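Just below is one structure, and these are the notes that go with it.
Heads up: numbering here begins at 1 and tracks the sequence. As a basis for the values below, the full set of heavy atoms in this structure was taken, side chains included, without hydrogen atoms, waters or symmetry mates. These numbers were taken from a predicted model, which means no experiment stands behind them.
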Amino acid sequence: MENPPRIKTRMRFTKTGTLRFLGHLDLMRFFQKAIKRAGLDVAYSKGYSPHQLMSFASPLGVGRTTDGDYLDVEFASEVDPAEVMERLNRELNREVYITDIELMPEGFKNSMSMLVSADYMITTKTPDAFPDNYKELFENFLDQDEIIIHKKTKKSERDVDIKPDIQIYAFDKEEFTKKTGTEMPELHPVYTGDSIYLRLPAESGNTLNPDHVMSAFFSYIGAANQSASYAIHRIDMQFIK
């Protein structure tokens with residue numbers, strides 16, 4: 001007897017407030033328990049230790065907030081996305097909740113393999129986090145012929161030019177929306193200070209962390225990178241269509 005086809009979904013969710021301190025594994029357990037409490041017909045892996053079939057597009061660092069992270073969940077039977085979102089959000093809370101669910105086509109692998117870029121908002125938490133003329137300085141920073149950083153991975157470390165990877169930048173929401181051509185979600189008011197908006201690559205083998213950009217910027221202006229004085233918020237992600 002053939003196994004029935006699994007129904008694959010992609011869920012868009014937020015993580016804000018105190019729950020921004022949840023690590024990746026804790027966040028996965030958080031969703032697993034919510035799905036179980038909601039009584040959803042989630043699909044499980046085979047074997048001696050079955051687990052819910054779910055995966056994240058790109059784990060978010062501890063302490064970071066987001067309005068646009070994505071979770072793939074597979075179900076064992078047909079589902080209505082609106083009903084799933086309603087039932088699941090009853091088991092979640094105002095800091096972590098689902099804002100959209102999309103049914104994925106047959107043959108869909110996972111969001112991680114389809115991810116190409118991510119949008120970020122870097123906002124000051126203290127008045128002196130950015131220089132008064134930070135907009136002019138940042139544009140001068142990007143006008144360099146190259147922006148070299150020393151990048152470390154689990155397998156290697158090397159000098160790389162990150163200038164080509166800073167795909168889009170802006171200093172306010174409206175400007176960023178116009179440049180990206182996509183409507184920005186209604187953002188959580190994380191902080192309301194000076195901001196820098198960035199679109200950076202997030203695909204496998206070519207990922208640029210906003211921390212690298214900000215560290216290079218502060219080095220360029222001859223200032224210490226006070227990372228505790230600004231917040232990094234992930235706005236949304238872009239996938240291969």
Is there a donor-acceptor contact under 3.5 Å from the side chain of [X] to the main chain of [Y]?
| X | Y | result |
| --- | --- | --- |
| Asn93 | Val96 | yes |
| Ser215 | Asp211 | no |
| Thr124 | Ala129 | no |
| Asn89 | Ile98 | yes |
| Gln52 | Gln32 | yes |
| Lys8 | Glu106 | no |

Inset, instruction - Quick one: do Tyr120 and Asn209 satisfy side-chain hydrogen bond (donor to acceptor under 3.5 Å, both in side chains)? Show the steps, please. - result: CA-CA 10 Å; Tyr120 298 92; Asn209 192 309; over 6 Å; no
Does a donor on one side chain and an acceptor on the other come within less than 3.5 Å for [X] and [Y]?
| X | Y | result |
| --- | --- | --- |
| Arg12 | Thr99 | yes |
| Asp100 | Tyr70 | no |
| Asp41 | Ser77 | yes |
| Asp72 | Ser111 | yes |

So does [X] have more than 12 non-hydrogen atoms from other groups sitting under 6.0 Å from [atom1]?
| X | atom1 | answer |
| --- | --- | --- |
| Lys179 | NZ | yes |
| Lys36 | NZ | no |
| Asp132 | CG | no |
| Lys125 | NZ | yes |

Any chain of hydrophobic side-chain contacts (each under 4.5 Å) joining [X] to [Y]?
| X | Y | answer |
| --- | --- | --- |
| Ile235 | Ile122 | no |
| Met28 | Phe75 | yes |
| Phe30 | Ile35 | yes |
| Phe56 | Met85 | yes |
| Leu208 | Ile148 | no |

Legend entry - Aromatic contact, Phe138 with Phe141 (centres under 6.0 Å):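 Ring centroids of Phe138 and Phe141 are less than 6.0 Å from each other.
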Legend entry - Ring centre gap for Phe171 and Tyr134 strictly below 6.0 Å: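 Between Phe171 and Tyr134, the centre distance is under 6.0 Å.
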Approximate separation, where rounding is to 0.5 Å, of [X] [atom1] and [Y] [atom2]:
| X | Y | atom1 | atom2 | answer |
| --- | --- | --- | --- | --- |
| Ile168 | Thr182 | CD1 | OG1 | 8.0 Å |
| Asn110 | Ser55 | CG | OG | 5.0 Å |
| Met104 | Met114 | CE | CE | 7.0 Å |
| Leu137 | Phe217 | CG | CZ | 5.0 Å |
| His24 | Asp26 | NE2 | CG | 10.5 Å |
| Asp69 | Lys15 | CG | NZ | 7.5 Å |

Legend entry - Glu157 vs His150, side-chain contact (heavy atoms from CB on, under 4.5 Å): CA-CA, chis, key distance, verdict: CA-CA 7 Å; Glu157 55 181 278; His150 191 68; 2.7 Å; yes
Inset, instruction - Enumerate the residue pairs fulfilling salt bridge (Lys or Arg N to Asp or Glu O under 4.0 Å) with a member in residues 79-95, sequence neighbours excluded, ordered by first and then second residue. - result: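 Qualifying pairs: Arg37-Glu91, Glu83-Arg87, Glu86-Arg90.
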Note, [X] side chain near [Y] side chain (heavy atom, < 4.5 Å):
| X | Y | result |
| --- | --- | --- |
| Ile162 | Leu200 | no |
| Leu53 | Ser45 | yes |
| Lys163 | Gln144 | no |
| Phe130 | Ile196 | yes |
| Thr9 | Pro81 | no |

Which heavy-atom pair separates [X] from [Y] by the least distance, and what is that distance?
| X | Y | answer |
| --- | --- | --- |
| Ile240 | Ser113 | CD1-O, 4.4 Å |
| Pro210 | Ile232 | CG-CG2, 3.7 Å |
| Leu92 | Ala34 | CD2-CB, 3.6 Å |
| Glu78 | Ile7 | OE2-CD1, 3.7 Å |
| Met11 | Val84 | CE-CG1, 4.0 Å |
| Leu22 | Val62 | O-CG2, 4.2 Å |

Inset, instruction - Go through Val79 and Leu40 one step at a time and tell me if the side-chain contact (heavy atoms from CB on, under 4.5 Å) criterion holds. - result: CA-CA 9 Å; Val79 295; Leu40 298 171; over 6 Å; no
Inset, instruction - Only counting residues at least two apart or in another chain, list the ones meeting ring pair (Phe, Tyr, Trp, His ring centres under 6.0 Å) with Tyr197. - result: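 Once residues adjacent in sequence are excluded, the partners of Tyr197 under the ring pair (Phe, Tyr, Trp, His ring centres under 6.0 Å) criterion are Phe176.
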Inset, instruction - May I ask you to check if Arg10 and Phe108 form a cation-pi contact, with NZ or CZ under 6.0 angstrom from the six-membered ring centre and within 45° of the axis? - result: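 Judged by the rule (NZ or CZ under 6.0 Å from the ring centre, within 45° of its axis), Arg10 is not positioned above Phe108.
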Inset, instruction - Evaluate side-chain contact (heavy atoms from CB on, under 4.5 Å) for Val160 paired with Ile149, printing each intermediate quantity in order. - result: CA-CA 6 Å; Val160 296; Ile149 67 166; 3.7 Å; yes
Legend entry - Carboxylate-amine/guanidinium proximity below 4.0 Å for Lys135 and Glu139: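 Between Glu139 and Lys135 there is no salt bridge, as every charged N stays at least 4.0 Å from the carboxylate O atoms.
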Inset, instruction - Given side-chain contact (heavy atoms from CB on, under 4.5 Å), test Leu27 with Phe13 step by step and report yes or no. - result: CA-CA 11 Å; Leu27 184 63; Phe13 68 92; 4.0 Å; yes
Inset, instruction - Apply the side-chain hydrogen bond (donor to acceptor under 3.5 Å, both in side chains) test between Asp119 and each candidate in Gln167, His233, Gln238, Arg234; give the one that qualifies. - result: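 Going through the options one by one, the only one that passes is Gln238.
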